[in-house]
Amino acid sequence: MGINRSSYYAWLVARPAAAERQCVEDELTEEIREIHASSRGAYGAPRVHAALRRKGHAVNRKKVERIMRERDIRGVTRRRHRHLTQQDTKAAPAPDLVGRDFTATRPGTKLVGSGSRRELPPPAPTEPCVTVSRYTALVTLSTRNGGQTASGRTSLGIAV
């Protein structure tokens, strides 16, 4: 069978202790099921563990978690999930001034940033416009393909 003789005898000696542990876990499972049923299925592992401790059982919380997981005993979460950030449904989306065309004739001609409210003063006619915020992303020209294409990504607004 490909195992050492000593391993077989160690397993054979450990069988009664393993059977006793399994019996204790089965009794603990019945206690857990009672506590879980008395809470109408609402209690999870932390509350079941606390109830067991109040009853005088010296058991680890992780053991309670394992037993509940193995026996498919789950608590019910009845809390509403709160979403603190709500989008403004009436707000206009940021305009796509580049039109998703990131080609540029020379480096630094198309700069991209987020749609934050803080902007620099208008640039001179020969300079590119830059929107500055903590999410600013710069689109730079790539050196491949003769410097004719630009690559980058934006999240919100685009300024040309």
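Computed from a predicted model, the values in this text were never measured in an experiment.
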ILVMFWY clustering at 4.5 Å (side-chain atoms), partners of L12 =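 Reading the cluster by chain and number, L12 sits alongside I3, Y8, Y9, W11.
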request  = Decide, yes or no, whether a salt bridge links D26 with R21 under the criterion of side-chain N to carboxylate O below 4.0 Å.
outcome  =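 Between R21 and D26 there is no salt bridge, as every charged N stays at least 4.0 Å from the carboxylate O atoms.
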task = Give a yes or no on whether a salt bridge exists between R61 and E65, defined as a side-chain N under 4.0 angstrom from a carboxylate O.
result =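 Salt bridge: yes.
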Non-neighbouring partners of R74 that pass salt bridge (Lys or Arg N to Asp or Glu O under 4.0 Å), sequence neighbours left out =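 Applying salt bridge (Lys or Arg N to Asp or Glu O under 4.0 Å) to R74 gives D72.
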Donor-acceptor pairs under 3.5 angstrom involving side-chain atoms of residues 38-46: please list them, not counting sequence neighbours.
unit_1: S38; atom_1: OG; unit_2: E34; atom_2: O; d: 3.4
unit_1: S38; atom_1: OG; unit_2: I35; atom_2: O; d: 2.8
unit_1: S39; atom_1: OG; unit_2: H36; atom_2: O; d: 2.9
unit_1: S39; atom_1: OG; unit_2: A42; atom_2: N; d: 3.4
unit_1: S39; atom_1: OG; unit_2: Y43; atom_2: N; d: 3.1

query = Do V48 and I73 come close enough that some side-chain heavy atom pair is under 4.5 Å?
reply =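 No, too far: nothing below the 4.5 Å cut-off.
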task = Report yes if some heavy atom in the side chain of E30 is under 4.5 Å from a heavy atom in the side chain of E25; otherwise report no.
result =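 Result no, sub-4.5 Å side-chain heavy-atom pair not found.
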ask   = Just how far is it from atom CG of N60 to atom CD1 of I67, taken to the nearest 0.5 Å?
value =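 Nearest 0.5 Å value for the CG-CD1 distance: 10.0 Å.
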ask   = Which distance, rounded to the nearest 0.5 Å, do you find between the NZ of K63 and the CG of L28?
value =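 Taking NZ in K63 and CG in L28, the distance rounds to 6.5 Å.
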Residues, nucleotides or ligands: over 12 heavy atoms within 6.0 Å of Q87 CD =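 Open: at most 12 neighbouring heavy atoms sit under 6.0 Å from CD of Q87.
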message = So does K62 get a backbone contact from the side chain of H49, meaning a donor-acceptor N/O pair under 3.5 Å?
response =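 No, the answer is negative, given that no donor and acceptor are paired below the 3.5 Å cut-off.
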